[in-house]
Amino acid sequence: MSNKYISASEINQYLYCPYQWYYEKKYGHKYINELREKNGIRYEDSNFKKGIEYHEKYYRDIVRLKYKKIAIAILILLAFVAIVIGFLK
């Protein structure tokens, strides 16, 4: 029987990487690994490793962007405080 419901973790997986979600849903993780091993593809050369590297870089970029936004907000706040202090003198 097919499951008609989608779990929250499945939605999260889809939002993280639609390709991963699709292949996992269609073939299953075990089958994909068996197929890769049967064809003699090493993990280092596989698309899985490339996908993991892509997502790690994406995550690093997101974290870096978050810190840049925080730094800009702090600088704007400090500039605003300096302007207010300048007007009060």
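Just one of Y14, W21, Y22, Y16 meets the side-chain contact (heavy atoms from CB on, under 4.5 Å) condition when paired with P18; it is Y14.
Residues passing the side chain to side chain contact (heavy atoms under 4.5 Å, CB included) test with F87 are I83, sequence neighbours excluded. The side chain to side chain contact (heavy atoms under 4.5 Å, CB included) search around L78 returns I74, not counting sequence neighbours.
Counting only heavy atoms from C-beta outward, the side chains of I72 and K69 never approach each other to under 4.5 Å. Looking only at side-chain heavy atoms (C-beta outward), E53 and K57 stay at 4.5 Å or farther from each other.
We find the CD1-NZ distance between I70 and K68 to be 13.0 Å, quoted to the nearest 0.5 Å.
Under the 4.5 Å side-chain contact rule for hydrophobic residues, Y59 and L15 do not share a cluster.
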